[in-house]
Amino acid sequence: MINGQEKVIIALDYPNWKEAEKLVLQIPEVKYYKVGLELYLASRGEAVQNLKKLGKKVFLDLKFHDIPNTVAQACCQAVDQGADILNVHALGGKEMMAKSASAVQEQALKQKREKPLLIAVTLLTSMNEDDLQGVGLSGVEQSVGRLAHLTKEAGLDGVVASPREIKLIREKCGKDFKIICPGVRPTWAAKGDQKRVLTPKEALALGADFLVIGRPITKADNPREAAQRILEEVQ
Ligand code: C5P
């Protein structure tokens, strides 16, 4: 049986910790929260520790992309801060990812804590074929498949992917590879700027491990009720 509370990650896209905290305190049912660049910088990193103090699990979505040594060291800092999930860009290459995977494992052992999930972003879902050709690449699907495979070979735990890429990634990387999906919308919520959306139930049926959901909850008139409706749908 799927435990909905372990599957839904609320994206805390807020310009300060006070607003984020207000939302978190309203929804005791949800365990996972995503801290991205905006809230991480606005709170000087404190959003992570604050969420941990509230007993929450944290997806630190900073998408590291730099030379292997720099990214591996940044990953160690994220482990020390208590991130439960963290991510890098697969386009940083296999050596960068492999070095980060070993660093995360060693740092977690050193801190005597459970190893966080290390995830890679394959291609940003905001990039279409034209954007890809603009940077000298081509073939969105083939690129996603290749980068997911490289991520697995480098020893990472999984990828962030659009729900429509789940099938392809499952075929290439197997059933234990974690897939985290943004771009999820319940039928009753506005789509916002997400174009290729599936409902939470559809994304889970296709094999998503986690769903990242922001505005359908954070911008709802009653965020707790919205979160509860989503948890019921995925239960
Ligand atoms: O509000 P919404 O549900 O669209 O929020 C989705 C979250 O997932 C945002 O924090 C967004 O930055 C993030 N995200 C995304 N697409 C990706 C990667 C991350 O929408 N490919």
Side-chain angles (χ1 to χ4, degrees), residues 4 7-17 19-20 23-24 27 30 32-43 47-48 51 56-65 83-92 117-129 131-132 135 137 140-141 143-145 147-148 151 156 158-166 168-169 178-204 206 208-221 223 226-227 229-231 233-234:
K7 296 260 166 187
V8 172
I9 304 174
I10 298 185
L12 288 175
D13 293 321
Y14 288 105
N16 58 65
W17 169 248
E19 283 179 57
L23 190 276
V24 174
I27 312 178
V30 170
Y32 279 89
Y33 286 88
K34 180 170 90 66
V35 176
L37 288 165
E38 181 187 15
L39 181 60
Y40 189 77
L41 290 168
S43 69
V48 178
L51 283 163
K56 302 300 181 185
K57 295 207 172 195
V58 177
F59 173 12
L60 186 56
D61 179 22
L62 300 181
K63 302 186 180 72
F64 299 138
H65 191 172
D84 298 283
I85 305 176
L86 63 144
N87 59 6
V88 300
H89 270 285
L91 282 167
L117 292 178
L118 182 60
I119 301 293
V121 175
T122 54
L123 287 184
L124 292 169
T125 47
S126 53
M127 293 194 83
N128 62 21
E129 189 59 39
D131 298 317
L132 210 54
V135 296
L137 301 171
V140 172
E141 277 211 355
S143 302
V144 167
L147 289 166
T151 301
L156 275 69
V159 289
V160 177
S162 129
R164 62 186 239 150
E165 293 159 356
I166 298 173
L168 166 82
I169 294 167
K178 302 285 182 228
I179 303 180
I180 301 184
C181 290
V184 178
R185 288 286 177 272
T187 45
W188 43 266
K191 283 190 189 164
D193 54 2
Q194 298 277 12
K195 295 186 185 94
R196 303 187 302 254
V197 298
L198 289 183
T199 67
K201 210 173 180 169
E202 285 167 340
L204 287 182
L206 280 171
D209 293 286
F210 293 96
L211 310 175
V212 174
I213 304 179
R215 288 161 292 178
I217 295 172
T218 57
K219 301 280 186 220
D221 291 337
R229 280 177 81 175
I230 290 170
L231 290 177
E233 184 178 333
V234 302

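Each ligand, and each atom within it, is numbered from 1 in the order the structure gives.
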### Message
Tell me if a side-chain donor or acceptor on N87 pairs with a main-chain N or O of L62 at a distance below 3.5 Å.
### Response
yes

## Note on the structure
In terms of its nearest heavy atom to atom 8 (O) of ligand 1, the top option of P182, G183, A189, A11 is P182

#### Entry: Separation of Y14 OH from T218 OG1 (nearest 0.5 Å)
4.5 Å

#### Entry: Shortest protein heavy-atom distance from atom 21 (N) of ligand 1, along with the residue and atom involved
T125 OG1, 2.5 Å

### Query
Can you list the steps and then say if I230 with W188 is a side-chain contact (heavy atoms from CB on, under 4.5 Å)?
CA-CA 10 Å; I230 290 170; W188 43 266; 3.8 Å; yes

### Task
Using a 4.0 Å heavy-atom cut-off, say whether D13 meets ligand 1 through its side chain, its backbone, both or neither.
side chain

### Message
Looking at E141, I want to see if its CD is surrounded by more than 12 non-hydrogen atoms of other residues, nucleotides or ligands under 6.0 Å.
### Response
no

### Query
Backbone N or O of N16 within a donor-acceptor pair of the E19 side chain at under 3.5 Å?
no

### Message
Among all the protein's non-hydrogen atoms, which is closest to atom 2 (P) of ligand 1, and how far away is it?
### Response
R185 NH2, 3.4 Å

### Query
Any donor-acceptor pair under 3.5 Å linking the side chain of K56 with the backbone of V30?
yes

#### Entry: Atoms in ligand 1 flagged as close to I213, the criterion being non-hydrogen separation under 4.0 Å
3 (O)

### Message
At less than 4.0 angstrom from any non-hydrogen atom of V212, what atoms of ligand 1 do you find?
### Response
7 (C), 8 (O)

### Task
Give a yes or no answer on whether the side chain of D209 reaches the backbone of I180 with a donor-acceptor pair at less than 3.5 Å.
no

### Which residue and heavy atom of the protein sit nearest atom 20 (O) of ligand 1, plus the separation
Q194 NE2, 2.9 Å

### Task
Provide, to 0.1 Å, the distance between atom 12 (O) of ligand 1 and the closest protein heavy atom, together with that atom's residue and name.
K34 NZ, 4.1 Å

### Task
Go through ligand 1 atom by atom and flag the ones less than 4.0 Å from a non-hydrogen atom of R215.
1 (O), 2 (P), 3 (O), 4 (O)

### Message
So if I count the atoms of ligand 1 from 1 in the order they appear, which ones are less than 4.0 Å from some heavy atom of G214?
### Response
1 (O), 2 (P), 3 (O), 5 (O)

